[in-house]
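This one's a predicted model, so the numbers in the text were calculated from it and none came from an experiment. Chain naming here is simple, since letters A, B, ... match the order of the sequence lines and numbering starts at 1 in each.
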Amino acid sequence: MFQPKLRLFKRQPFNFRTLFHTQKSTPSLLPPPKPPHLSLLADKCTSMNQLKQIHAQMIVSDRIHDNYAASRVVSFCALSDSGNLNYALKVFDTIHEPNSFMFNTMIRAQASTSNPFEAITLYIKMKKLGLIPGKHTFPFVLKACVNCYPLNPGKQIHADVMKFGLELDLYVVNGLIRCYCVCGDMHAARKSFEEVPERKLLIWNAVISGYAQNFCSNEALALFDQMLGEGLEPSGATLSSVLSACARSGSLEMGKQIHVYIKEKGIEVGLILGTALVDMYAKNGEISVARSLFDKMLERNTASWNAMICGLAVHGHAEEAFQLFQEMMDKAKIAPNNVTFVGVLSACCHAGLLEAGRGIFLSMERVYGIEPKIEHYGCMVDLLGRGGKLAEAEELINGMVCEADVVLLGALLRACKDHGNIKLAEKVVRKMLHLEPQNHGVYIVLSNMYADAGSWADVLRLREEMKDGGLKKIPGWSSTDGNKY
DNA sequence: AGATATCCCC
């Protein structure tokens with residue numbers, strides 16, 4: 001006997017026409033229209049609900065064993081905005097012999113999730129099955145490597161790229177460069193860059209942004225110059241990176257020229273480019289230009305507000321920085337992040353607002369749920385130090401979960417100098433030299449403090465010890481307790 | 001079936 005359920009289903013398939021607004025069927029005399037190809041329908045889905053119906057049809061009609069049909073389902077679930085990665089994974093697991101197209105799709109989808117290592121696992125599985133990774137595999141595997149930071153399997157993948165002869169593919173090289181940039185290996189990044197025979201904009205952008213993000217402003221600017229020399233037109237992405245390099249290196253003239261270029265070329269100043277411009281002007285002293293550009297921005301995110309607030313802070317405009325901070329939360333409804341608090345706290349430092357700073361520091365965690373990082377402690381130490389509250393500053397450092405760094409200790413040392421606290425300074429210098437044995441600057445500070453106090457014997461002793469190459473004889477120092485503070 | 005950018009303590 002036949003299967004009644006299936007017959008029923010066949011006689012009355014679910015209504016594709018209402019789903020996809022295809023033409024109404026011509027009445028009676030003509031043969032009934034063929035149902036559209038299921039795999040093609042999978043591409044036209046707009047929701048998981050629709051896709052599940054198609055998937056069901058595929059299972060019922062046995063087409064799910066056709067790799068092409070299955071891959072359409074996997075593609076939709078894995079990549080579409082209205083898809084569902086877990087569903088894709090389930091379907092993928094049922095496929096007996098997935099082809100490289102499916103692996104590429106899954107790797108691409110997994111690369112941008114919170115679990116990018118899964119993409120690399122899939123890549124390894126793919127190779128084990130004897131499938132050949134190609135130019136649609138590596139860009140996504142490398143993207144996964146970038147997102148896996150600080151874990152960095154990029155070098156191994158690079159070896160595979162060479163093995164499969166894809167080291168000249170633009171998108172693959174782009175991935176390699178980005179991999180090396182995130183882990184700060186600009187030497188390797190540069191090498192990959194130099195080996196590309198025909199450098200398209202994409203490649204320039206990757207390496208310029210890499211230099212900018214690794215604080216190598218001069219290299220970024222030099223490459224930008226070289227790029228223009230070769231007749232390439234920079235994009236908004238290029239200019240954002242270059243402006244960031246201008247901001248950090250104090251290249252106001254170059255920044256202004258870029259601004260003019262943007263206007264002349266009619267390049268759209270959106271969120272990111274706008275923020276980069278504001279930051280560039282703010283860091284280069286043109287705070288009012290920065291402010292008027294900021295006010296004209298149509299869209300602003302946390303980074304935009306941060307750039308403006310931090311800019312006001314370093315220029316000593318604490319009141320305006322606070323106002324903006326309030327406006328950001330109350331009117332714009334943009335959530336502050338840890339960088340915002342660096343800005344607000346440094347506004348307190350530059351204006352000497354001890355009480356306000358204390359309150360903001362406490363509110364960070366209690367009200368906004370942002371755990372203070374070393375930068376915030378740094379601001380507080382600076383603020384307390386300037387106010388002469390050295391004991392409180394030391395107590396704050398001792399209570400930190402993270403290790404004190406030289407920047408933070410440097411702020412404390414300067415406070416010791418300002419308030420003539422030699423005992424604490426000796427302690428701090430010891431710690432700093434433990435972190436940075438060749439930091440000669442701290443000897444000078446301590447020596448000057450001894451001199452200010454008239455302790456000439458100590459000045460001479462210190463001088464002798466500097467010649468010996470170590471501060472072993474500073475009071476309280478012994479080589480065995482160097483690890484302790 | 002491909003990617004890229006902005007904000008952070010002395």
Q: Under 4.0 Å: is that the gap between some side-chain N or O of R178(A) and OP1 or OP2 of dA5(B)?
A: yes

Q: Determine whether E375(A) and F341(A) satisfy the following criterion, side chain to side chain contact (heavy atoms under 4.5 Å, CB included), listing intermediate values before the conclusion.
A: CA-CA 9 Å; E375(A) 300 93 304; F341(A) 282 99; over 6 Å; no

Q: Nearest of dA5(B), dC8(B), dT6(B) to any side-chain atom of C310(A)?
A: dC8(B)

Q: Applying the ring pair (Phe, Tyr, Trp, His ring centres under 6.0 Å) test to W204(A), which of Y211(A), F193(A), F224(A) qualifies?
A: F193(A)

Q: Is there a donor N/O on one and an acceptor N/O on the other, under 3.5 Å, for the side chain of S240(A) and the base of dA5(B)?
A: yes

Q: Does K283(A) place a side-chain N or O at less than 4.0 Å from the phosphate oxygens OP1/OP2 of dT6(B)?
A: no

Q: Side chain of S209(A): nearest nucleotide among dC8(B), dA5(B), dC9(B)?
A: dA5(B)

Q: Could you tell me whether N104(A) contacts a base, only the sugar-phosphate backbone, or nothing, with contacts defined as non-hydrogen atoms closer than 4.0 Å?
A: base

Q: Please state whether the phosphate of dC7(B), meaning OP1 or OP2, lies under 4.0 angstrom from any side-chain nitrogen or oxygen of S244(A).
A: yes

Q: State whether Q213(A) places a side-chain N or O below 4.0 Å from either non-bridging phosphate oxygen (OP1 or OP2) of dT4(B).
A: no

Q: Search all heavy atoms of M227(A) against all heavy atoms of P234(A) and return the closest pair with its distance.
A: CE-CA, 3.5 Å

Q: From CE of M297(A) over to P of dC7(B), roughly how many Å is that when rounded to an integer?
A: 12 Å

Q: Of all the choices, dT6(B), dG2(B), dC8(B), which nucleotide is nearest to the side chain of H136(A) once you look at every atom?
A: dG2(B)

Q: Tell me whether E355(A) is salt-bridged to R358(A), with the criterion being a basic N under 4.0 Å from an acidic carboxylate O.
A: yes

Q: Please pick, from dA3(B), dC10(B), dA1(B), the nucleotide with the shortest atom-to-atom distance to any side-chain atom of Y171(A).
A: dA3(B)

Q: Between E403(A) and K431(A) (salt bridge meaning N to carboxylate O under 4.0 Å), is one present in this structure?
A: yes

Q: Contact class for L413(A) vs. all strands (heavy atom < 4.0 Å): base, sugar-phosphate, or nothing?
A: nothing

Q: Is it true that E194(A) and R190(A) make a salt bridge, defined as a side-chain N closer than 4.0 Å to a carboxylate O?
A: yes

Q: Whole angstroms only, please: what is the CZ-C1' distance between R248(A) and dC7(B)?
A: 9 Å

Q: What contact category does K373(A) fall into here, base, sugar-phosphate, or nothing, at under 4.0 angstrom with non-hydrogen atoms?
A: nothing

Q: L201(A) has an atom CG; how far is it from atom P of dA5(B), in whole Å?
A: 13 Å

Q: What does F101(A) touch in the nucleic acid at a heavy-atom separation under 4.0 angstrom: a base, only the sugar-phosphate, or nothing?
A: base

Q: What is the distance, to the nearest angstrom, from the CG atom on N205(A) to the P atom on dA3(B)?
A: 14 Å

Q: NA contact type, G410(A), heavy-atom cut-off 4.0 Å: base, sugar-phosphate, or nothing?
A: nothing

Q: Classify the side chain of D169(A) versus the base of dG2(B) as yes if they form a donor-acceptor pair under 3.5 Å and no if they do not.
A: yes

Q: So which nucleotide from dC7(B), dC10(B), dT4(B) ends up closest to the side chain of R414(A)?
A: dC10(B)

Q: Classify K417(A) by what it touches in the nucleic acid, base, sugar-phosphate, or nothing, heavy-atom distance under 4.0 Å.
A: nothing

Q: Nearest-Å distance, CD (E233(A)) to P (dT4(B))?
A: 22 Å

